[in-house]
Amino acid sequence: HCASRGRMLRHFRQGIAALRALTASGAPPSIVRFFDADDSQLAFSMTLVEGSDLTDIARRGWTIERKLQVFSGVCEAVRFAHQKGILHGDLRPANILYDEAAGCPVVTDFELADVSALEATTLSTSYGSYAAPEQRQGRRERLLESDIYSLGRLLQFLLTERDPEESAALGVGDEPIARIIATCTRP
């Protein structure tokens with residue numbers, strides 16, 4: 001129990017460090033802004049994003065073009081983080097807010113960023129559809145490709161408005177986009 005609390009605290013503090021570094025590097029609006037953390041790093045403040053996460057996409061009634069614009073904003077955030085040497089490690093609809101006022105996605109929850117060891121038991125069931133095979137298998141290596149895999153699953157979710165299941169057909173209907181998803185999610 002204590003070990004799991006220690007691991008959780010380490011992840012939380014790594015998330016603070018990742019957000020601090022991204023904000024200091026001039027992160028795009030598609031990455032939540034870090035403001036400050038208390039001395040113990042048990043709490044931090046960040047931008048308030050007026051809106052909700054992407055799990056409620058079906059109610060939005062977005063066109064495919066709008067969905068692709070949102071996905072492009074998420075890709076911009078991930079590319080920026082990768083250029084700064086930061087992996088997200090937990091890309092899924094619940095960790096992407098949609099800022100209604102700005103009309104853009106905002107990537108949050110970098111708490112798994114730069115974690116050197118992911119254990120399969122720490123992955124929630126809701127995340128399982130978005131986790132790369134190496135993450136689900138509990139491998140220790142951290143790969144850019146893991147975030148790319150999650151992006152492919154996120155694109156599938158945006159277009160189908162359903163959580164992707166590993167064994168399910170893509171169900172996208174657009175051949176070029178289906179190829180992009182298949183390329184991103186190749187094991």
Nearest 0.5 Å, what's the [atom1]-[atom2] distance between [X] and [Y]?
X	Y	atom1	atom2	value
Thr55	Asn95	OG1	CG	10.5 Å
Phe71	Leu155	CZ	CG	4.5 Å
Thr108	Met46	OG1	CE	6.0 Å
Phe157	Ile181	CZ	CD1	12.5 Å
Asp99	Ser52	CG	OG	11.0 Å
Ile148	Thr185	CD1	OG1	11.5 Å

Hey, does the side chain of [X] reach the backbone of [Y] with a donor-acceptor pair shorter than 3.5 angstrom?
X	Y	answer
Thr160	Gln156	yes
Tyr98	Gly103	yes
Ser129	Pro164	yes

Quick check: closest heavy atoms across [X] and [Y], and the distance to 0.1 Å?
X	Y	value
Ala132	Tyr149	CA-CD2, 3.4 Å
Val32	Thr23	O-OG1, 4.1 Å
Ala21	Ser25	O-OG, 2.8 Å
Arg92	Asp90	NE-OD1, 2.9 Å

Are the side chains of [Y] and [X] in contact, using a 4.5 Å heavy-atom criterion?
X	Y	result
Thr63	Lys67	no
Pro28	Ile31	yes
Ile177	Ile64	yes
Pro133	Pro187	yes
Leu154	Leu91	no

Does the side-chain contact (heavy atoms from CB on, under 4.5 Å) test come out yes or no for Ile96 and Asp53, once each step is laid out?
CA-CA 5 Å; Ile96 301 165; Asp53 63 40; over 6 Å; no
Residue pairs, two or more places apart or on separate chains, that pass salt bridge (charged side-chain N to carboxylate O under 4.0 Å, His left out) and touch residues 11-40
none
Decide yes or no on side-chain contact (heavy atoms from CB on, under 4.5 Å) for Leu22 and Phe34, but give the supporting numbers first.
CA-CA 8 Å; Leu22 290 169; Phe34 170 83; over 6 Å; no
Less than 3.5 Å apart, which donor and acceptor atoms pair up between the side chains of residues 73-86 and the rest of the protein, not counting sequence neighbours?
from  : atom 1 : to     : atom 2 : distance (Å)
His82 : NE2    : Asp147 : OD2    : 2.8

Indicate yes or no: does Arg59 engage Glu161 in a salt bridge with an N to O separation below 4.0 Å.
no
Worked verdict on Leu54 versus Val70 for side-chain contact (heavy atoms from CB on, under 4.5 Å)
CA-CA 10 Å; Leu54 295 183; Val70 168; 4.2 Å; yes
Close aromatic pair by centroid cut-off 6.0 Å: Phe44 and Phe12:
yes
